[in-house]
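A short write-up of the structure that comes next.
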Amino acid sequence: MNNEVRVRFAPSPTGYLHLGSLRTALFNYLFARHHSGKFILRIEDTDQSRKVEGAVENLINILNEMGLNYNEGPGVGGEFGPYFQSERLDIYKKYCDELLASGHAYYAFETAEELDEMRKVQQMQGKQTMYDRRARVLTENEVKEKLASGIPYVIRLKVPMDTEIRFTDIIRGNVKIDTNLVDDQVLLKSDGFPTYHLANVIDDHFMKITHIIRGEEWLTSVPKHIILYNAFGWELPQMAHVPLILNPDKSKLSKRQGDVATEDYLKKGYLKEALLNFMTLLGWNPGDGEEKEIFTKAELIEKFTIERVNSAGAVFNVEKLNWMNGEYIKNYDIDALTELVIPYLNAGGIDTSDLVKTKRVVSAIKNYISKLDEAAEQAKVYYNEVILNAEQNAIVNSETSKQVFALLLSKIEQLLEISTDNFKPTLSEVQKESGVKGKNLFMPVRLALTGEEHGPELGLIAYVLGKDEVLKRLKVFL
RNA sequence: GGCGCGUUGGUGUAAUUGGUUAACACGCCGCCCUCUCAAGGCGGAGAGUACGGGUUCGAUCCCCGUACGCGCUACCA
């Protein structure tokens, strides 16, 4: 139990689940399950100015919908809560005071305007913009006075000078950064809330996180965290910074260039299994020359290791997602698929009250769609009323067409039921006996049954319509 | 600008960790199937591993430099 793996997904509630976050959550989840460890959800809601109504609920819903169930966190509890940072303010305060007392942090009183001014000057001088650590020289009495007079303050980290922080990232290997380049980060804001850095370190420690798996954008702030761990005398968890997901132009995946919210993809009819499979393979592969690409969640859990996560960013390729989603649709259990497809058919104005027919339709279209929102368009042909234009009427009313219809009719009447297999042979018989073949044979039948010149193979159409409906439609043109 | 990270066909990834005709998938093109649009089957083009130097009998793989891309550089996460 002592060596139990504990990882966390710690999003700030922005209102939707970004695909990049989804993948981070996914990697954490797979890692935890692979090691029979715990997957924890912690909400990083320390930025009061960015609060979004309902964001947390939405986040939890999507996580659950995606099947990334967490062992501890909002709603499920756990012995290391609370799991909202906004409910842990007293903890941060306490440890910040400790830092102050041990000389690892200090008070600073600059206003936002003063800091802006400072940066502007630095910029003009061509210097690096960072806090000039001016408050470090304040005497104890000066600090006391300012505090007493009620001037707003922040607490900053006292970064040790002239040294180098080295650490090992599971994905990136050894990284080193000169501390002179590390900012005296604000730890506690003037509103009493902690910044990410402070809250993160404290929470990870008390929640006994063993592995920090998060986005690459955090890599450069690791030194700040290490300084904090050292100041507290706490053991550093292992770290793995996963690569970013990119737009086709290689910039960080953004709203401007398409959908980035997981819920948008779900809405369009990407199956969660496919999305999970695809996202996992973006920047990871099982190695060993494995050529398979379709994996069940259980397989992913079994094979997943963070060591094999790539270090380079990966372009999000929707085309491939479409293909993979199509594969999942083709192989999905038909009853389950039908259930999933029904809302999309209804949205397209298709009446699905006849479940038997609906299921036939779904089995007919599943090979032809790559996402569920294409279902209605594909299914339309099976619900069409047959309305023909002049040209099409001429085809249907030709001498040979009438002959074909009559023959076909008599043969179908003898069939017990039309199946996907027996319709084509029946047509072949008609061909032999009537001498009509090719387009002259098929097109009239297609038009009579669907009113369309294009569409799926006739066997499929006849099967979906069923014997009675086929007969009915043929009789119209006799 | 500074610092950090990265770089294998258009895209996602392989390559028994220094010895392969650099492989697979998506996409693209062609053929077959065929009444049509697809699907499916078969095949093809496409990288000499960003570039330049090393180390080595031998580098996709190790080292250095350059270029390019991305990230960070907030009292946001």
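Chain identifiers are assigned alphabetically (A, B, ...) following the order of the sequence lines, protein sequences preceding nucleic acid strands; residue numbering begins at 1 within each chain.
- In this structure, A/F295 has its ring center no closer than 6.0 Å to that of A/F304.
- Rounding to whole angstrom units, CD1 of residue A/I177 and C1' of B/G71 are separated by 12 Å.
- Pairing analysis of RNA chain B (Watson-Crick: purine N1 to pyrimidine N3 plus N6-O4 or O6-N4; G-U wobble: N1-O2 and O6-N3; both under 3.5 Å) yields stems of 3 or more pairs at B:1-7 with B:67-73, B:10-13 with B:23-26, B:28-32 with B:40-44, B:50-54 with B:62-66.
- For the pair A/V309 and A/P243, the tightest heavy-atom approach, listed with the atom from each and the gap, is CG1-CD, 3.8 Å.
- Using a 4.5 Å heavy-atom cutoff, the side chains of A/K224 and A/I227 are not in contact.
- The separation between A/N174 atom CG and B/C5 atom C1' is 14 Å, rounded to whole Å.
- Taking the charged nitrogens against the carboxylate oxygens, A/D184 and A/R136 do have a contact shorter than 4.0 Å, which makes a salt bridge.
- Residue pairs that meet the salt bridge (charged side-chain N to carboxylate O under 4.0 Å, His left out) test with at least one member in residues 306-319 of chain A, sequence neighbours left out, do not exist here.
- Among the protein residues, A/E293 comes within range of the nucleic acid bases, having at least one heavy atom under 4.0 Å from a base atom.
- Contact annotation for A/S221: no contact, since no heavy-atom pair falls under 4.0 Å across all strands.
- The residue A/E291 sits close only to the backbone: its heavy atoms come under 4.0 Å of sugar-phosphate atoms, none of a base.
- Ring centroids of A/Y328 and A/Y270 are separated by 6.0 Å or more, keeping the two rings apart.
- Across all strands shown, A/S190 has heavy atoms under 4.0 Å from base atoms, whether or not it also approaches the sugar-phosphate.
- Rounded to a whole angstrom, the distance from the C1' atom of B/U16 to that of B/U7 is 25 Å.
- Distance CG (A/N317) to P (B/G9): 14 Å, rounded to an integer number of Å.
- Atoms CD (A/E290) and C1' (B/C24) sit 10 Å apart, rounded to a whole Å.
- A stacked arrangement is assigned to A/F442 and the six-membered base ring of B/C35, with a centre-to-centre distance below 5.5 Å and an interplanar angle below 30°.
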